[in-house]
Amino acid sequence: MGEATARVLAKNGAIVVLGARRTDRLESIVRDIQQAGGQAAYHELDVANAEQVNAFVTFAKDTFGRVDVMFNNAGIMPLAPMRALKTNEWNSIIDINIKGVLNGIAAVLPIMDQQGSGHIINTASTGARAVGPSCAVYCASKFAVRAISEGLRQESNNLRVTVLSPGVTTTELGHDITDESAAEFVDQLRNTSLNVEAVADAVLYAISQPDNVDVNELVIRTVACYGHAF
């Protein structure tokens, strides 16, 4: 979703700075954007590491002078039943899905306050609105993203805050599922999954609104998902 969003935004005139752990992929995406006439840069980033998030935001500001939009999109989804007691996976979900969003907000909020404007977009999920078997900890992290975003929105009079809640999407999310039954469950859901461009277009829509319009939440599912919550 991050890659598709970067490409769509750059195509529509935005200057994009990409951050992730796999810098080889970032380099390739940035090169493609630049060859197509767009402006882009990248910086290595582990969202669970607050210092790296701060360095990423500082790099973006120093390189391009402003930070107008922060898209906190990193996430993992190692689903498993609670009784499997995969506590290491629980901790990773908390570190990336919750602390990663908080680190992003903490890094960018002072800059946006100083600018007097900004837009923070946090990726939640339809799993932030419903809970399924084997999804408890993952859904809890996405409920947290909605709560954090809504609290930030209520505290802000010069920032826009958007929660993006996609349904099952064709991405790498869930590649780290170690529980067989949970993996089969996700495979079945992916029979009716969104494509990443739909999510990228939703981000573009939220960003493109007039300055006084705040799109608080976008819930996106395929039409074919009738009958299930995700």
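The side-chain heavy atoms of Asn72 and Ile105, taken from C-beta on, include a pair separated by under 4.5 Å. Residues Leu45 and Val53 meet the side-chain proximity criterion, which asks for heavy atoms closer than 4.5 Å. In this structure, the side chains of Ile121 and Met70 stay at 4.5 Å or more apart for every pair of heavy atoms. Ile120 is not listed as a side-chain neighbour of Arg160, based on a closest heavy-atom distance of 4.5 Å or more.
Panel note: side chain Arg146, backbone Ala124; no donor-acceptor pair is recorded below 3.5 Å.
Taking both residues in full, the closest heavy atoms of Ala130 and Cys139 are given as O-SG, 3.4 Å, listed atom of the first, atom of the second, then distance. Nearest heavy-atom pair, Ser125 versus Lys142, reported as atom, atom and distance to 0.1 Å: CB-CG, 3.9 Å. The two residues Leu79 and Cys135 have their closest heavy-atom pair at CD1-SG, 3.8 Å. In terms of heavy atoms, Asp46 sits closest to Gln52 at N-OE1, 2.8 Å. Considering all non-hydrogen atoms of both residues, Ala107 and Asn54 come closest at CB-OD1, 3.2 Å. In this structure, Val199 and Pro166 approach most closely via the heavy-atom pair CG2-CB, 4.0 Å.
Of the inter-residue distances, the one linking Leu164 atom CG with Met1 atom CE reads 7.0 Å to the nearest 0.5 angstrom. Between Gln115 atom CD and Leu159 atom CG the span is 9.5 Å, to the nearest 0.5 Å. The structure places CD1 of Ile98 at 6.5 Å from CD1 of Ile148, a figure rounded to the nearest 0.5 Å. With rounding to the nearest 0.5 angstrom, the OG atom of Ser92 is 10.5 Å from the NZ atom of Lys99. Annotation: the span from Asn49 atom CG to Asp95 atom CG amounts to 10.5 Å, rounded to 0.5 Å. Of the inter-residue distances, the one linking Ser141 atom OG with Ile93 atom CD1 reads 6.0 Å to the nearest 0.5 angstrom.
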Evaluation steps, side-chain contact (heavy atoms from CB on, under 4.5 Å), between Ile76 and Glu89: CA-CA 9 Å; Ile76 60 171; Glu89 293 182 357; over 6 Å; no
Candidate pair Ser117 and Asn158, rule side chain to side chain donor-acceptor pair (under 3.5 Å), full reasoning: CA-CA 5 Å; Ser117 66; Asn158 59 355; over 6 Å; no
Met82/Val137 under side-chain contact (heavy atoms from CB on, under 4.5 Å): CA gap, chis, key distance, verdict: CA-CA 8 Å; Met82 297 290 288; Val137 180; 3.8 Å; yes
side-chain contact (heavy atoms from CB on, under 4.5 Å) between Val145 and Thr123, intermediate numbers included: CA-CA 8 Å; Val145 171; Thr123 299; over 6 Å; no
Val17/Phe64 under side-chain contact (heavy atoms from CB on, under 4.5 Å): CA gap, chis, key distance, verdict: CA-CA 9 Å; Val17 180; Phe64 296 110; 3.6 Å; yes
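Every residue was checked against the ring-ring contact (aromatic ring centres under 6.0 Å, His included) condition with His119, not counting sequence neighbours, and none meets it.
The salt bridge (charged side-chain N to carboxylate O under 4.0 Å, His left out) pairs that include a residue from residues 109-135 are Arg129-Glu217, where partners are two or more places apart or lie in different chains.
Each of Val8, Val196, Ile220 was checked for a side chain to side chain contact (heavy atoms under 4.5 Å, CB included) with Asp201, and the lone residue meeting it is Val8.
Within a 6.0 Å radius of CD in Gln114, other residues, nucleotides and ligands contribute 12 heavy atoms or fewer. No more than 12 heavy atoms of other residues, nucleotides or ligands shown are found within 6.0 angstrom of CG on Asp211.
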Please table the atom pairs, donor to acceptor, closer than 3.5 Å between any side-chain atom in residues 28-38 and protein atoms at least two apart or in another chain.
residue : atom : partner : partner atom : Å
Asp32   : OD2  : Arg7    : NH1          : 3.4
Asp32   : OD2  : Arg7    : NH2          : 3.1
Gln34   : NE2  : Ala40   : O            : 3.0

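Each of Val219 and Val101 belongs to its own hydrophobic cluster when Ile, Leu, Val, Met, Phe, Trp and Tyr are linked at side-chain heavy-atom distances under 4.5 angstrom. Transitive grouping of hydrophobic side chains (ILVMFWY, heavy atoms separated by less than 4.5 Å) keeps Phe71 and Val163 in distinct clusters.
Using a 4.0 Å cut-off between a side-chain N of Lys or Arg and a carboxylate O of Asp or Glu, Arg66 and Asp68 qualify as a salt bridge.
Using the six-membered ring where Trp is involved, Phe59 and His43 have ring planes that are tilted, between 30° and 60° apart.
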